Structures are given as C-alpha cells and as structure tokens.
Amino acid sequence: MAEVNPYRAPQAAVQDPGGTDGTLASEPRQVDAGRGVAWTSDGWALFRQAPLPWVGLSLVGIVIFIVLAFVPLVGQLATWLLSIVFGGGIMLGCRALDRGQELTVGHLFAGFQSHLSPLLVIGAIYLGAMLLLVLIASLVGGGALIAGVWGGADPGAATGTFLLAILVFLLLLVPVAMAVWFAPGLATLNDLAPVEAMKLSFAGCLRNIVPFLVYGILLFVLAILASIPFGLGWLVVLPIMAGSVYAAYKDIFLTH
C-alpha cells in the first residue's frame, strides 16, 4: 500500500459528504455555562487525533502571518481577509477529523477550493468593520493627542482620553467578533450566505454569553501558558482553539 502523505493538499474529500449530522437547528441553542469548558476539552481531543498535522498546519499559518506583518498596510489588510478564508478551511479539517477522516496541512488552504466567494465576502465585511473601528479609535485618541500638542489640555486628561479610545475600540470589537466567530464555519459547512452566516453567528454568541465568558477565561489562561516557553505553546493552543470553535459550532447550531 502506498504511503499516505499527511501534508498533501486536500482533494475532493474536503467536502466531507456523509458522517456526522450537519443539519442546522431551527435556531441557535442556548447551552449551560459548563459547555465553555467542554468546548476546550473537545478541542484538545481533536488535537490528539492528529497532533503532527495540527502542528504543521499551525506552523505554516504562523509563518504566513509573520511574513504579512512585514508588509506595510497591505499585509495587515491581507491578514484580516486570510484569517476568514483560513478559518473556513480549518473548519473543514475539523469536520474531516470528526468524521474519522484525515487532517492535512492542506486543509488550511481548503477555503480557496471550497466556498471561496462567501468567505471573501465575510472577510471583506470584517475588513471594513475593522477599518471603521480603527478610524473611530483614531478620532477619539487623535483628539486627545492634538489637545496635548496645542497645550490646551492636561496631560493626564489626554492620557485618559487615549485609554478611553482603546476601551471604545475593544467594546465595539465585541459585536464584530461575535458576528465573525462562527461565520466561516457556517458558510463552508452549511452553505449559508455571508450575511446570513454572520447574523446567525452573532445570535449564537448572544444566546451563550455566560459559557463564552467561561470559555474566554480558559483561552486567556491558555494564551498566557502558550507564550511562556518562547511562544512554542501556540503550536498546540492554536489547534485547541480551532477545535473548540468547531465543538461550540456543533453544540450551538446543529441538531443532535
């Protein structure tokens, strides 16, 4: 039997016909707070099924985004778009694992082969929203900076206004993140239109604020631990996060 290359690009199997029921529930399900812990646990279980492909996939993705970070402006814009396309491909990889099939590094790019148009539309909306948030934060913070330069404002007050701009940015970022969190998966795994996927993603997150708070605390702890050993822990934490998003998607949106 020919040896299987775990790093080959995914073929038609990325469509994953059959297997786990992928039927959407009539509306997003509200789950218990403890599910925030279960999603992380399920993400770890998916990682354990294929640790080497997961590490390879994470490494390739990290390298791509590091390279883009050195490209002024265009690199940042491309990062926001690619994060959505890559997200769709990774959800296809998670579903493949869930169905007992093979995960490959090529699943990172599966979004270019499947559902590219809706993923790009979601990415464009996400990009536009992020640019708007940056503009708002710049206006708030810029006003404080100008007042400080002209000498008409107390430096402490200017600093406070700048911190307020950061707070406003983070608060506005929350609904954007809610709309985008499950959208790539809903678009690729359930063939939803971009706007419909984002609306459903927002509704699913809104109905599960408490489990998401628990989940967020766990991710925060994992992020700290991942950053300690020279950041190498991210090669494991990123796959856990990806698997946890897939687990939450099944828990909230799919029929059982």
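We're numbering straight along the sequence, starting at 1. Computed from a predicted model, the values in this text were never measured in an experiment.
In the hydrophobic clustering of ILVMFWY residues, with side-chain heavy atoms under 4.5 Å counting as a link, Val174 and Leu170 come out apart. Residues Leu238 and Leu59 are members of one and the same hydrophobic cluster, defined by side-chain heavy-atom contacts under 4.5 angstrom among Ile, Leu, Val, Met, Phe, Trp and Tyr.
Ion pair Asp98/Lys250 flagged as a salt bridge, since at least one NZ, NE, NH1 or NH2 atom sits closer than 4.0 Å to an Asp/Glu carboxylate oxygen.
At distances below 3.5 Å, at least one donor-acceptor pair connects side-chain atoms of Thr79 with backbone N or O atoms of Gly75. Judged purely by atom type and a 3.5 angstrom limit, Ser114 has no side-chain atom pairing as donor or acceptor with the backbone of Gly111. Side chain of Ser201 to main chain of Met198: no donor-acceptor pair is present (N/O by atom type, distance under 3.5 Å, no hydrogens or angles). Distance alone, capped at 3.5 Å, is enough to place a donor-acceptor pair between the Arg29 side chain and the Asp251 backbone. The main-chain N or O of Leu46 is found under 3.5 Å from a side-chain atom of Trp54 such that the two form a donor-acceptor pair.
Counting only heavy atoms from C-beta outward, the side chains of Leu120 and Ile84 never approach each other to under 4.5 Å. Considering only heavy atoms from C-beta on, Val31 comes within 4.5 Å of Trp39 through its side chain. Residues Asp191 and His115 meet the side-chain proximity criterion, which asks for heavy atoms closer than 4.5 Å. Annotation: side chain of Phe182 is not in contact with side chain of Leu200 (no heavy-atom distance under 4.5 Å).
The two residues Leu133 and Val176 have their closest heavy-atom pair at CD1-CG2, 4.1 Å. Across Arg95 and Leu189, no two heavy atoms sit closer than the pair NH1-O, 3.4 Å. Phe169 approaches Val134 most closely through the heavy-atom pair CE1-N, 4.0 Å. For the residue pair Gly204 and Asn208, the shortest heavy atom distance occurs at O-ND2, 2.8 Å. Between Gly88 and Pro184, the closest heavy-atom pair is N-CB, 3.6 Å. Between Gly56 and Val105, the shortest heavy-atom distance links the atoms C-CG2, 3.8 Å.
Taking the six-membered ring where the residue is Trp, the centroids of Phe86 and Phe65 are separated by under 6.0 Å.
Under 3.5 Å, the side chains of Asn190 and Tyr249 contain a donor-acceptor pair of N or O atoms. For Thr40 and Tyr215, the side-chain atoms include no donor-acceptor pair closer than 3.5 Å. Donor-acceptor pairing under 3.5 Å is recorded for the side chains of Ser227 and Trp234.
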Report task. Assess whether side-chain contact (heavy atoms from CB on, under 4.5 Å) is satisfied between Leu81 and Val85, documenting all intermediate values. Result -> CA-CA 7 Å; Leu81 284 174; Val85 179; 5.8 Å; no
**Report entry** Worked check of side-chain contact (heavy atoms from CB on, under 4.5 Å) between Thr188 and Leu119
**Finding:** CA-CA 8 Å; Thr188 55; Leu119 289 174; 3.8 Å; yes
